[in-house]
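When reading the values below, keep in mind they use all heavy atoms of this one structure, side chains included, and skip hydrogens, waters and symmetry mates. The structure displayed is predicted, hence computed values, not measured ones.
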Amino acid sequence: MKKHDWIPFFTVFLSLILGIVVIAMLGKNPFLAYYNLLQGSGLAPKASYAGHKGMITDFTSFLNALTPMLLASLSVLIALKAGLFNIGVSGQMLAAAFVATVLVGYSELPAVLAKPLVILIGLTVGALVGGLVGFLRHRFNINEVVSTIMCNYIVQYVVSFFINVFFVDPVSRQSKNIGAAARLTLVDVTVGDYKMDIPLGIVVAAIAVAATVFLLGKTTLGFEIKAVGSGSRAAEYAGIRVGRTRVLAMMLSGGAAGLAGVTYYLGYFSSMQPRVLASTGYDAIAVALLGNSSPIGIIFSSFLITVISKGSTYMSSTAGVQAEMASALTGIILLISACGAYVRERLDRRKEKR
Amino acid sequence: MNTIIIDGLSFALPLFIMAIGGIYCERSGVTNLAIEGLQGFGAFCGALFAVCIAPRFAGDSPVPFYLAMVFAFLGGMLFSLLHAMLCIRFKANQVISGVVINILAMSLTEFMTKQINASIFQAASNKFVLGVSARVTVPGISSVPVLGAVFTNLYPFEPVIALIAFIAWYVLYKTPFGLHLRACGDNPHAVDAAGIEVGKVRLAAVMVSGALSGLGGICFAYSISANFSSNIYSGYGYLAIAALIFGNWKILPTLGACLLFGFARSGGYELVKLLEMPSSYQDLVMVLPYVLTLLMLVFFGRKNHSPRALGVIYDKGAR
Amino acid sequence: MSDYIIEMNHITKRFPGIVANDDVSIQVKKGEIYALLGENGAGKSTLMSMLFGMYEPDEGEIIIRGEKVKIESPNHATRLNIGMVHQHFKLVSNYTIAENIVMGMEPVKKTFGIFKTLDQKRANEEIRALSEKFGLEVDPTKVIENINVSMQQRVEILKMLYREAEILIFDEPTAVLTPQEIEFLLEIIESLRRDGKTIILITHKLEEIKKIADRCAILCRGKLIDVLDVKKTDTKTMANLMVGREVNFSVDKPAPEFGREILKVEHLTVQNEDKFEVVKDVSFSVRGGEIFAVAGVSGNGQVELADAVAGLLKPSHGRILLNGKDITQASIRSRNLEGISYIPEDRQNVGLVMDLSLSDNLALKNYFQPPFSNGSMIAGDEFVRYSDELIKKYDIRSGQGSGTIVRSMSGGNQQKAIIAREIELDSSLLIFVQPTRGLDIGAIEKIHRQIVEQRSRGKAVLLISLELDEVMNLADTIGVIYNGKIEKIADAKTLTPGEVGEFMMGVGGRHEKA
Amino acid sequence: GGSESAAPEAVQESAEEEAPAEDAAETEAEPAEDAAETPAAEDETAAGLKIAIVSSPSGVDDGSFNQDNYNGILSFIENHPESTVTPVQEPTGDVAAAVQAVADIVADYDVIVCCGFQFAGITSIAQENPDVKFVLVDTFPSDADGNEAEVDNIYAMQFAEQESGFFAGMAAALETKSNKVSVVNGIAYPSNVNYQYGFECGVKYINETEGKSVEVVELPSYAGTDVTGANVGGNYVGSFADEATGKVVGNALIAEGVDIIFVAAGASGNGVLTAVKEADGVYFIGCDVDQYDDGANGDANVVLTSAVKVMHLNVERALEAVTDGSFKGGNVVLQADTDSTGYINADGRNQLSADSIKKMDEAYEAIKGGTIVPAANFNGITPDDFSW
Ligand SMILES: Nc1ncnc2c1ncn2[C@@H]1O[C@H](COP(=O)(O)OP(=O)(O)OP(=O)(O)O)[C@@H](O)[C@H]1O
Ligand SMILES: Nc1ncnc2c1ncn2[C@@H]1O[C@H](COP(=O)(O)OP(=O)(O)OP(=O)(O)O)[C@@H](O)[C@H]1O
Ligand SMILES: [Mg+2]
Ligand SMILES: [Mg+2]
């Protein structure tokens with residue numbers, strides 16, 4: 001562990017305490033509420049389970065929800081390393097998932113072909129959208145914050161248009177469900193007495209995290225990305241092609257977002273809502289920060305945030321704490337961890353005084 | 001044609017006032033992605049207040065409306081203190097702070113709306129219903145062709161915004177405070193050396209931004225749905241950011257950008273009507289302002305440059 | 001009432017990891033020119049910053065005009081009639097001169113009798129009057145980013161005078177000026193003194209101290225070494241006291257042995273980012289074993305010239321040949337590989353990636369080559385090994401060795417790291433831009449020795465410097481640049497500093513022609 | 001549907017009628033807490049039912065659709081105080097997430113009330129948990145392939161929206177002064193088309209019985225395309241959550257001279273409502289629940305009446321059936337014959353003339369008796385060939 005790597009843990013701890021106070025003020029039992037979050041996420045046993053369900057099924061379902069969050073944070077992180085803010089993760093997710101749904105999800109391809117193809121399309125489409133943002137920045141000096149926001153809207157409405165006109169399911173009012181062959185989550189798999197959802201995407205996410213660690217730490221491209229991210233003029237001076245590096249970084253970032261998209265819409269879910277962007281993309285920005293902008297760190301942070309969001313239904317059912325409390329808790333954690341830099345500075349100062 | 005102007009203006013002006021807030025904030029050197037959250041929170045405060053005091057006034061009294069604007073103004077300002085605290089006091093990353101504030105504003109207002117409705121008004125509801133604001137037409141001038149439309153069917157907030165926008169422009173470009181504020185966004189060290197506290201100027205700028213965003217939020221609440229609900233978070237805050245970047249962080253060009261958005265939007269609706277496209281094509285119209293922004297930036301964005309010290313955490317000691 | 005207008009007694013100031021001022025006491029008389037001398041990092045700026053209210057001393061007291069004060073802010077200092085021209089100018093680049101000067105003390109008028117408005121017209125008039133009074137001619141309506149450094153400095157001085165400062169602190173005011181401008185500045189300082197102002201002058205240039213200062217305090221590693229009466233001391237003594245050892249002023253330079261032509265620039269025209277022609281039809285060549293120095297006043301295109309040769313700017317006309325090969329259209333990377341090393345002017349933004357480690361920065365130009373990389377993968381331990389080697393060889397000092405984040409290093413050591421990296425590239429052409437700016441004479445001496453050593457090894461050296469002394473000491477050939485054009489190229493031995501200075505001002509060779 | 005007002009004055013006016021809503025606030029907390037403290041309390045309260053109501057995403061206090069269902073549960077609990085209810089809210093609104101939310105809690109309850117079309121996919125959960133009873137409102141369960149299914153422990157109800165729409169059409173045609181009326185919907189899903197067709201039939205009915213010539217105004221640019229791809233006309237906003245476009249549509253209709261608008265467009269309807277309020281002399285007909293409180297406009301009110309689906313009654317009936325053992329799964333379309341469709345004619349909650357109410361009550365009986373069958377999206381009748 002490096003010098004101040006414990007600070008995020010400290011800020012999370014602080015936020016959880018604040019959460020306890022808030023929940024207690026609402027007249028509910030905060031410890032029960034927290035325990036419910038764990039139960040709802042399959043990290044602690046519930047009092048009773050429905051037929052064919054158990055802690056393990058809750059946990060696989062939790063992993064299913066964790067996968068897109070992890071990939072989305074990874075996307076934010078890669079861009080951040082290159083000094084870019086990818087606010088457009090949600091849009092990239094949707095674009096990738098939409099193309100994968102239309103091309104593979106509705107096809108009759110066998111699973112062995114369909115699943116890899118979905119992943120490939122997710123990666124490619126995400127990379128294209130991300131690359132476009134990088135290109136606009138490089139070629140036309142368009143701030144990526146603006147272009148990603150614009151892209152979010154454009155993707156949202158265009159996809160909504162196609163869903164409503166061509167792919168709508170009249171009962172669910174969202175896009176028609178994709179075929180099981182294309183889905184990255186194996187649904188209702190019977191293991192022993194249990195019926196569980198097995199997220200294949202978590203493997204993809206694990207590989208992606210490992211690849212990012214490798215990319216940033218061990219490759220020349222990673223070195224270039226870091227150099228461009230922390231000093232673009234110096235990087236240019238050193239002979240690094242800054243524009244190309246930015247475009248590549250945005251493509252990688254978009255690719256990760258695309259993977260998040262397919263594991264979300266073609267894994268955790270199996271269809272898309274018109275005119276709705278997943279909040280995952282926005283949450284991921286803060287999750288990446290909470291993870292100390294390190295690929296390993298975001299494993300912890302996305303785990304935490306997913307526990308809160310995933311367990312919230314069970315919490316509201318059992319402890320009677322409204323589900324909105326979960327997002328408020330997330331907000332508090334992010335808020336306090338945003339002050340991490342300050343804590344670090346204060347500690348440095350204090351140490352040197354001694 | 002008249003509809004395009006009337007609707008375009010009533011959309012563009014709240015957007016403009018939020019963008020001016022953003023200009024204040026960013027010209028002082030503080031990145032502001034929090035406009036979306038600030039406008040929502042402001043609208044929440046304004047609406048809450050209007051709902052509380054409405055029974056004291058005659059049904060068609062405009063007083064609650066104006067008071068709602070005041071309280072939205074104050075509410076946005078209050079919430080912006082959070083952004084100021086994070087960015088100025090705690091030196092947090094400003095982009096992250098903005099995102100966090102947006103997340104918080106959404107969950108907080110939604111949560112509180114329900115709580116307050118249930119516990120104070122004893123009527124479960126997830127929104128505050130506001131009275132509609134009367135619309136006014138300036139006699140005489142409104143009958144001039146084309147130009148007259150500008151003075152037709154005005155929301156009372158439109159002239160208010162125009163006035164505040166003018167004051168904001170005046171303060172930013174003509175007064176000592178404006179001079180200090182813009183200097184903070186270029187070289188805060190110079191401001192500090194001139195004996196002005198950078199933190200205070202930035203705090204004021206962020207608060208102005210919050211206040212104006214809140215004002216914009218309540219205007220949208222009145223003009224679009226005449227109530228406050230989570231629908232207030234439909235992305236206009238982000239659109240305001242796009243407008244101000246598009247306007248190169250300057251007030252007049254930003255007005256142009258906002259008018260462009262407004263007219264593109266109302267024009268798009270008229271176009272749909274004209275072309276008699278089925279309603280499912282609606283989504284394609286909604287895309288217009290965003291595509292237009294990107295295109296305009298492609299053609300005119302090269303010369304844009306953000307304030308030099310934007311997003312840089314001010315550290316006295318840094319050399 | 002004491003004799004002194006300023007007394008700083010037993011001042012101690014600590015920064016993380018360093019004692020910047022250690023029990024320093026100085027007393028300054030009214031109407032005196034008091035110089036501060038010391039190596040880089042000796043604590044001069046820190047001491048003055050406390051006088052100007054930017055920092056508070058950890059220990060010690062400050063007495064102004066006989067009264068003990070706690071100077072809390074620059075504002076407070078201003079009220080005490082203290083003004084300061086900082087080492088790095090503190091100007092708002094997109095504001096006019098007048099706006100910069102009046103900021104914080106603006107003349108206001110009431111529009112419609114109520115609205116407090118900045119009175120732009122009165123501001124301009126006041127500044128014009130003020131500048132005439134002190135002989136510091138400026139156009140108040142000009143925008144800072146469009147005026148040159150010396151003009152910017154005048155603005156800084158006017159800022160103090162506008163605030164009616166009686167005590168004027170100058171932190172290295174001459175580092176960025178031409179000889180003529182320095183001359184002019186010193187005259188201004190003299191005349192300010194005649195007006196009854198008290199002046200504290202920080203500089204690394206001993207002649208300047210010798211010329212105008214009354215007394216000189218010497219700081220070393222935060223401690224006050226001595227206070228000298230300038231009239232009675234020679235510069236050599238001052239230098240030795242300051243560095244703590246014998247300093248060799250002149251550079252030992254063996255006779256030149258020129259090799260083949262390495263760099264050839266033909267009719268080069270370069271536009272800056274604003275599409276303005278800053279280098280105009282420049283031609284020259286540099287041979288192996290030759291130091292070609294470009295002398296010139298700041299802002300006459302020399303930085304752009306260096307950028308163009310290094311590939312950071314694309315020329316609009318002309319050719320650049322390296323070792324006979326046309327590299328005009330080549331990328332920065334391929335130029336580096338062809339053999340260009342470049343020590344840029346802006347070491348913090350261009351020369352280094354401030355937030356990366358020292359080892360990353362030392363390998364910044366060859367990270368992609370063996371042994372650091374096999375093309376796509378990098379070997380982290382090679383980075384550290386290489387950087388440890390260079391740290392030792394070039395005596396680069398830093399807190400945590402190879403792993404130190406460069407931002408936390410002192411400016412002198414940052415510069416050493418760049419020079420180490422560039423020399424180690426073993427390029428046939430080395431471009432040095434302002435290699436010693438802001439460095440103390442001890443450090444300067446070392447860098448000069450390294451430059452000469454490269455020359456001895458048969459490298460071509462393109463030296464761009466604003467310091468005439470540096471140019472005269474090092475150059476084999478001098479090219480003088482004025483307004484983007486090379487006005488004169490000649491063997492260094494055939495030119496006197498005066499002549500070079502005249503060419504730099506664009507008035508060179510007049511009497512020859514006449 | 002629209003939504004409940006929070007304006008205190010409106011609340012005062014309607015205090016008597018709104019008793020259940022008021023109780024909601026009080027009774028909500030306690031049972032929820034009971035549930036929290038005694039998760040395994042089933043034995044002690046064996047007599048009572050543990051009920052959960054799952055909604056997405058606006059929650060049971062939306063003052064509208066979800067709340068109507070919730071009120072049904074609350075009035076059931078009033079008669080069976082030993083029963084408890086826990087509201088659970090699924091925040092995303094995605095169908096899969098909705099089903100997941102049910103799966104997360106299914107083990108803890110005896111009855112789960114699922115509000116909305118999002119829950120059509122609970123079929124397999126229900127099959128795997130045969131001891132739990134499900135009440136599914138506004139949709140029928142569908143199996144994995146999306147086909148309609150009947151499940152023993154799911155009681156699924158849909159409503160004959162065309163009947164409610166018919167009353168709205170009658171009211172509009174009877175009360176219009178400009179002889180131009182209109183209907184605005186969200187997206188042309190069957191329930192919306194039913195409302196629209198019913199409305200058009202109602203207008204046609206009045207035109208022919210009263211000799212009026214009321215026109216149903218349609219903007220061609222907002223014509224709907226139903227799930228089979230057929231153009232069904234009408235005015236469709238294109239979304240259920242786009243207030244801004246709703247307002248544009250409302251204004252466009254008002255500009256055409258329309259003076260009564262029937263709106264079944266979710267939150268988009270709020271935009272139409274705003275347009276109505278800003279205009280002079282234009283009225284609004286609410287849908288799904290009594291929207292009278294939403295219509296407060298200064299001292300006046302713009303809501304003429306509301307065309308409703310009576311959900312609370314049917315939820316309560318289903319819960320009673322669970323207690324008395326008569327609960328039977330199945331998919332039913334509820335109609336006027338069980339008082340499940342209708343319009344608001346209570347005093348102070350509508351602005352219809354006595355004459356109009358009389359005529360509509362007559363029609364109500366005719367519909368109950370099956371003599372009038374309004375057109376619906378898929379009942380083989382279109383507004384054009386509607387007759388009685
Ligand atoms: N002194 C002034 N007098 C009249 N109008 C002004 C003045 N300053 C600014 N404006 C108005 O405000 C608008 C924006 O001003 P301007 O373009 O000068 O921006 P700015 O803040 O000076 O930007 P920058 O500091 O980046 O140059 C202009 O279009 C102009 O109409
Ligand atoms: N804000 C600061 N934080 C940390 N260290 C500082 C700070 N300011 C100065 N120092 C350190 O204090 C020491 C003295 O710095 P100072 O700037 O006073 O030196 P100086 O004599 O002015 O040097 P130079 O000739 O390079 O200007 C240096 O080691 C410097 O790194
Ligand atoms: Mg200094
Ligand atoms: Mg300007």
Please state whether the side chain, the backbone, both or neither of Arg421(C) comes within less than 4.5 Å of a heavy atom of chain A. side chain

Side chain, backbone, both or neither: which part of Phe372(C) has an atom under 4.5 Å from a heavy atom of chain A? neither

Looking at Ser373(C) and Thr220(A), what are the two nearest heavy atoms and their distance? OG-CG2, 3.3 Å

State which residue, out of Val353(C), Asp360(C), Val406(C), Leu352(C), fulfils the side-chain contact (heavy atoms from CB on, under 4.5 Å) condition with Ser230(A). Val353(C)

Please flag which part of Asn349(C) lies under 4.5 Å from any non-hydrogen atom of chain A: side chain, backbone, both or neither. both

May I ask you to check whether over 12 heavy atoms, not counting those of Tyr342(A), lie within 6.0 Å of atom OH? yes

Ring centers of Phe223(A), Phe383(C) separated by less than 6.0 Å: yes

Report the distance from atom OH of Tyr237(A) to atom CD1 of Ile418(C), rounding to the nearest 0.5 Å. 6.0 Å

Quick check for you: among Asp307(C), Leu356(C), Asn366(C), Asn374(C), which has the greatest number of heavy-atom pairs under 4.5 Å with chain A? Leu356(C)

Counting heavy-atom pairs under 4.5 angstrom with chain A, the leader among Ile378(C), Ile332(C), Leu364(C) is Ile378(C)

Please determine whether the number of non-hydrogen atoms from other residues, nucleotides or ligands lying under 6.0 Å from atom CZ of Arg333(C) exceeds 12. yes

Phe214(A), CZ atom: more than 12 neighbouring heavy atoms under 6.0 Å: yes

Within a radius of less than 6.0 Å around CD of Glu56(C), do more than 12 heavy atoms belonging to other residues, nucleotides or ligands occur? yes

Can you tell which part of Leu215(A) gets under 4.5 Å to a heavy atom of chain C, answering side chain, backbone, both or neither? neither

Check this for me: Arg397(C), atom CZ, are more than 12 non-hydrogen atoms of other residues, nucleotides or ligands nearer than 6.0 Å? no

Take a 6.0 Å sphere around CZ of Phe140(A) and say whether it holds more than 12 heavy atoms from other residues, nucleotides or ligands. yes

In terms of heavy-atom pairs under 4.5 Å with chain C, the winner among Arg233(A), Lys226(A), Lys218(A) is Lys218(A)

Could you tell me which portion of Gln369(C) (side chain, backbone, both or neither) has an atom closer than 4.5 angstrom to a non-hydrogen atom of chain A? neither

Tell me, side chain or backbone of Ser331(C) under 4.5 Å from chain A's heavy atoms, or both, or neither? neither

How far does CE of Met377(C) sit from CG of Leu221(A), to the nearest 0.5 angstrom? 13.0 Å

Is there a donor-acceptor pair closer than 3.5 Å between any side-chain N or O of Tyr367(C) and the backbone N or O of Glu224(A)? no

